[in-house]
Enquirer: 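Handing you this structure, nothing more for now.
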Amino acid sequence: MSDMAEGDTHAPHTHAPLEAAPYTDATRARLEVAFAAYELADLARAAVPIGEDELSPEGSARSRCTTLADAAHVLGAARRFLEAAAVFERVGGADWQLIGDTLNLSARTARERFAAAEARFHDSNAPQGEASWWRAYLSTAPLEAARDLDEWVLRHQDGDGDPGTAPVSGGLVRQAPAPGPAAGG
């Protein structure tokens with residue numbers, strides 16, 4: 001950490017410490033995947049219980065199409081998860097051919113399917129759809145967003161291994177600070 005007082009801008013050629021550097025695109029994309037997975041899991045988990053008053057005496061639903069509406073919400077979340085995963089892979093260097101092959105699609109179809117999601121990821125001013133609150137939270141407080149996901153993961157452990165105390169936030173990677181000017185210059 002720097003010896004400068006916070007807000008002191010008079011020291012020559014000082015650079016923000018790594019802790020203040022922005023997160024890498026890959027880290028931001030992975031956080032988006034994590035959020036999409038959380039959202040999908042929570043929506044699907046909420047559809048599992050059957051409330052005592054949910055079914056009529058013969059076993060049909062008391063309220064028509066509520067289960068179908070729940071399924072539509074889960075499907076929408078699954079689509080957002082798939083898009084976030086494709087963007088994450090693209091940020092990591094996967095080409096459209098590899099993404100297409102993975103999904104049993106042509107490279108052209110994969111590009112047509114996911115290019116808009118990739119463009120939205122890179123354009124912070126683009127409309128974000130249903131997860132817009134998350135994108136705003138992620139852009140203004142990424143560490144806090146990751147810690148919220150940590151809490152969710154820890155609450156839903158299934159005993160298949162120890163995720164540690166920071167299963168999401170512990171893996172975040174920041175951009176390297178820009179190099180300073182050459183000595184003597």
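All values below come from the heavy atoms of this structure, side chains included, with hydrogens, waters and symmetry mates left out.
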Enquirer: Under the side chain to side chain donor-acceptor pair (under 3.5 Å) definition, can you give me all pairs with a residue in residues 81-96, not counting sequence neighbours?
Expert: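 Found E83-R113, E83-R120, R90-E118.
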Enquirer: Quick check on the hydrophobic clustering: are L75 and L68 connected, directly or via other members, by side-chain heavy-atom contacts under 4.5 Å?
Expert: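 No; L68 is not reachable from L75 via cluster members.
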Enquirer: Heavy atoms only: give me the nearest A166-D150 pair and the separation to one decimal.
Expert: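 Shortest heavy-atom contact: C-OD1, 3.5 Å.
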Enquirer: At their closest point, which heavy atom of V168 faces which heavy atom of V153, and how far apart are they?
Expert: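 That would be CG2-CG2, 4.1 Å.
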Enquirer: Measuring from atom NE2 of H73 to atom CG of L40, what distance do you get when rounded to the nearest 0.5 angstrom?
Expert: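 Between H73 NE2 and L40 CG, I get 13.5 Å after rounding to 0.5 Å.
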Enquirer: Which atom pair, heavy atoms only, marks the closest approach of S139 to A136?
Expert: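 What the structure gives for the nearest pair is OG-O, 3.0 Å.
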Enquirer: With heavy-atom distances below 4.5 Å as the criterion, would you say the side chains of R28 and D25 are in contact?
Expert: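 Yes - at least one pair of side-chain heavy atoms lies under 4.5 Å apart.
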Enquirer: Test side-chain contact (heavy atoms from CB on, under 4.5 Å) on Y23 and V173; report intermediate values, then the result.
Expert: CA-CA 6 Å; Y23 290 101; V173 177; 5.9 Å; no
Enquirer: Nearest 0.5 Å please: distance from the CG atom of L172 over to the CG atom of L31.
Expert: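 The CG atom of L172 sits 5.0 Å away from the CG atom of L31.
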Enquirer: Search all heavy atoms of A34 against all heavy atoms of L149 and return the closest pair with its distance.
Expert: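 Smallest interatomic distance, heavy atoms only, reads CB-CD1, 3.8 Å.
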Enquirer: In the structure I gave you, are the side-chain heavy atoms of L105 and I99 within less than 4.5 Å of one another anywhere?
Expert: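 Of all side-chain heavy-atom pairs linking I99 with L105, none is under 4.5 Å.
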Enquirer: Where is the tightest heavy-atom contact between P163 and L154, given as atom of each residue plus distance?
Expert: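 Here P163 and L154 meet closest at CG-CD2, 3.8 Å.
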Enquirer: If we only count heavy atoms from C-beta on, is the L82 to L103 side-chain gap below 4.5 Å?
Expert: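 Answer yes - side chains close enough.
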Enquirer: Can you name the nearest heavy-atom pair linking R174 to A21, along with the distance?
Expert: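 So the minimum-distance heavy-atom pair works out to NH1-O, 2.6 Å.
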Enquirer: Test S106 against T109 for side-chain hydrogen bond (donor to acceptor under 3.5 Å, both in side chains), laying out the working first.
Expert: CA-CA 5 Å; S106 70; T109 301; 2.8 Å; yes
Enquirer: Who passes ring pair (Phe, Tyr, Trp, His ring centres under 6.0 Å) against Y38, sequence neighbours left out?
Expert: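 Once residues adjacent in sequence are excluded, the partners of Y38 under the ring pair (Phe, Tyr, Trp, His ring centres under 6.0 Å) criterion are F35, W152.
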Enquirer: With a 4.5 Å limit on heavy-atom distance, are the side chains of F81 and E39 in contact?
Expert: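 Answer no - side chains too far apart.
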Enquirer: Side-chain donor-acceptor contacts of residues 43-55 below 3.5 Å, not counting sequence neighbours, with atom names and distances?
Expert:
from : atom 1 : to   : atom 2 : distance (Å)
R45  : NH2    : D42  : OD1    : 2.6
R45  : NH2    : H156 : NE2    : 3.4
E54  : OE1    : G51  : N      : 3.1

Enquirer: Could you walk me through whether L98 and T102 pass the side-chain contact (heavy atoms from CB on, under 4.5 Å) test, one step at a time?
Expert: CA-CA 6 Å; L98 179 57; T102 301; 4.1 Å; yes
Enquirer: Are any of the side-chain heavy atoms of S169 and L143 separated by less than 4.5 Å?
Expert: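 Yes, close enough: below the 4.5 Å cut-off.
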Enquirer: Decide yes or no for V87 and E32: does some side-chain heavy atom of the first lie under 4.5 Å from some side-chain heavy atom of the second?
Expert: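 V87 does not reach E32 side chain to side chain.
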